[in-house]
Number of protein chains: 2
Amino acid sequence: MSRSNLAENTCTAARAVELFADAWMMMILREMFLGTRRFDDLQCLTGVSPATLSQRLKKLEHIGVLCREAYQAHPPRYEYRLTAMGRDLWPVIVSMKAWGDRWLGSGEEPPVAIIHKHCGAAVTPHMVCPACHEPMEAHDSEPRLSPAFEHERQAARGQS
Amino acid sequence: MSRSNLAENTCTAARAVELFADAWMMMILREMFLGTRRFDDLQCLTGVSPATLSQRLKKLEHIGVLCREAYQAHPPRYEYRLTAMGRDLWPVIVSMKAWGDRWLGSGEEPPVAIIHKHCGAAVTPHMVCPACHEPMEAHDSEPRLSPAFEHERQAARGQS
DNA sequence: GCTATAACTTCAATATATGAAGTTACTATC
DNA sequence: GATAGTAACTTCATATATTGAAGTTATAGC
């Protein structure tokens with residue numbers, strides 16, 4: 001993914017996808033949500049090479065989804081923590097997990113359960129409509145494109 | 001991402017991430033949810049090269065999230081459609097879009113609105129606990145790892 | 001002094017993606 | 001009936017990114 005037209009995409013979904021739809025980015029974020037904070041743990045628990053991990057952590061920090069915090073000064077040692085922007089990616093990871101549990105699971109108990117602190121239940125969160133509170137899935141919705149975005153897409157079609 | 005230990009990962013979230021956390025996979029899926037069905041449209045609307053698109057479509061078909069359907073026999077022409085397994089990825093894309101709208105948007109109206117067919121509202125779906133129906137976010141939950149998964153992770157830590 | 005640890009960086013080899021162009025088998029138009 | 005266009009790809013040389021292994025730096029503890 002290197003085209004400038006994508007980097008400047010009008011579509012916010014495409015921009016998010018461009019940032020995070022990278023195998024290692026998501027693996028790192030998954031680990032962060034499991035509570036992993038340090039370089040070497042992230043490295044061995046995800047299997048990423050140190051060079052790539054280092055590069056991705058810098059990128060994630062640059063985006064603003066995580067921050068480095070020194071936990072000791074001499075020698076300088078850091079841990080990585082999710083920011084509010086990063087924590088807000090929770091639904092993405094949870095959706096991926098739910099899909100994996102449903103379609104890739106072995107039928108047994110999933111390896112990670114999500115406990116709702118409020119009620120104590122082990123749950124698979126699902127999506128609802130904030131207006132009418134009904135559950136929402138793909139077939140309950142349809143996309144409506146803004147005129148500007150529609151125009152951009154027509155231009156892209158024309159170019160081919 | 002090529003390590004066999006990841007391909008055989010116990011964690012269903014990691015397995016899902018491994019399949020879809022690829023920039024082009026997600027861009028293609030996003031397009032499919034917008035209703036795009038044909039090779040050349042997918043190619044110009046995502047910006048992926050034909051070679052990569054061809055490879056990714058084969059992979060997506062192999063996974064089972066989309067299927068090829070002939071819409072004309074001579075010459076053979078196909079369109080690509082999401083399967084039930086594919087449509088079930090909707091929350092992943094919607095979560096990415098919601099995040100993008102919130103953190104990457106320009107403050108204006110987002111380029112794509114999601115209309116809930118049932119009530120007609122343009123909405124940003126959110127996650128709720130299926131047990132108590134309260135909204136759920138990162139700080140409302142905690143992960144609980146299965147013993148087997150915990151064991152696998154300890155082994156990975158040890159190896160470093 | 002010796003060993004261990006954390007957080008990286010470096011490097012050569014390998015793998016993957018890119019853009020541009022080409023291919024195949026038609027249909028539609030002049 | 002020749003020419004142009006279209007759809008769905010494939011091919012290829014080049015460019016870019018990733019990998020595994022090893023090295024580096026700064027320090028603590030014995």
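Each chain gets a letter, A, B and so on, in the order its sequence line appears, and its residues count up from 1. Hydrogens, waters and symmetry mates play no part in the numbers below; they use all other heavy atoms, side chains included. Small disclaimer: the values here were computed from a predicted structure and weren't measured.
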**Q** Between A:Arg56 and A:Asp22 (salt bridge meaning N to carboxylate O under 4.0 Å), is one present in this structure?
**A**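 A salt bridge is present here (some side-chain N lies under 4.0 Å from a carboxylate O).
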**Q** Between B:Thr52 and C:dT16, is there a side-chain N or O to OP1/OP2 distance below 4.0 Å?
**A**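 It does not, given that no N or O in the side chain of B:Thr52 lies less than 4.0 Å from OP1 or OP2 of C:dT16.
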**Q** Cationic tip of A:Arg37 within the cone over A:Tyr80's six-membered ring, i.e. under 6.0 Å and within 45° of the normal?
**A**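 The answer is no; the distance or angle limit is not met.
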**Q** If I take atom CG in residue A:Leu42 and atom C1' in nucleotide C:dT5, what distance separates them, rounded to the nearest angstrom?
**A**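 Distance, rounded to whole Å: 16 Å.
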**Q** What is the distance from CD of B:Gln43 to C1' of C:dA17, rounded to the nearest Å?
**A**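 Whole-Å distance recorded here is 14 Å.
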**Q** Is there a donor in the side chain of B:Asp41 and an acceptor in the side chain of B:Thr36, or the other way round, less than 3.5 Å apart?
**A**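 Side-chain D/A pair, B:Asp41 to B:Thr36: absent.
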**Q** If a protein heavy atom is under 4.0 Å from the base, mark B; if only from the sugar-phosphate, S; if neither, -; do that for nucleotides 8-16 of chain D going 5' to 3'.
**A** BBBB-----
**Q** Using whole Å, report how far CG of B:Asp22 lies from C1' of D:dA17.
**A**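 Checked: the CG to C1' distance equals 13 Å.
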**Q** If you draw a 6.0 Å radius around NE2 in B:His139, do more than 12 non-hydrogen atoms from other residues or ligands fall strictly inside?
**A**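 Yes - once you tally the heavy atoms of other residues, nucleotides and ligands closer than 6.0 Å, there are more than 12.
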**Q** Nearest whole Å is fine: how far is C:dG19 C1' from B:Leu53 CG?
**A**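 One finds 15 Å between C1' of C:dG19 and CG of B:Leu53, rounded.
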**Q** May I ask you to decide if A:Val65's main-chain N or O and A:Thr83's side chain share a donor-acceptor pair within less than 3.5 Å?
**A**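 Yes, A:Thr83 side chain to A:Val65 backbone: donor-acceptor pair under 3.5 Å.
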**Q** May I ask you to decide whether B:Arg153 forms a salt bridge with A:Glu31, counting only side-chain N to carboxylate O separations under 4.0 Å?
**A**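 Salt bridge flag = yes for A:Glu31 with B:Arg153.
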**Q** Could you state the CG-C1' distance from A:Leu45 to C:dA7, rounded to the nearest angstrom?
**A**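 Rounded to the whole Å, the gap is 16 Å.
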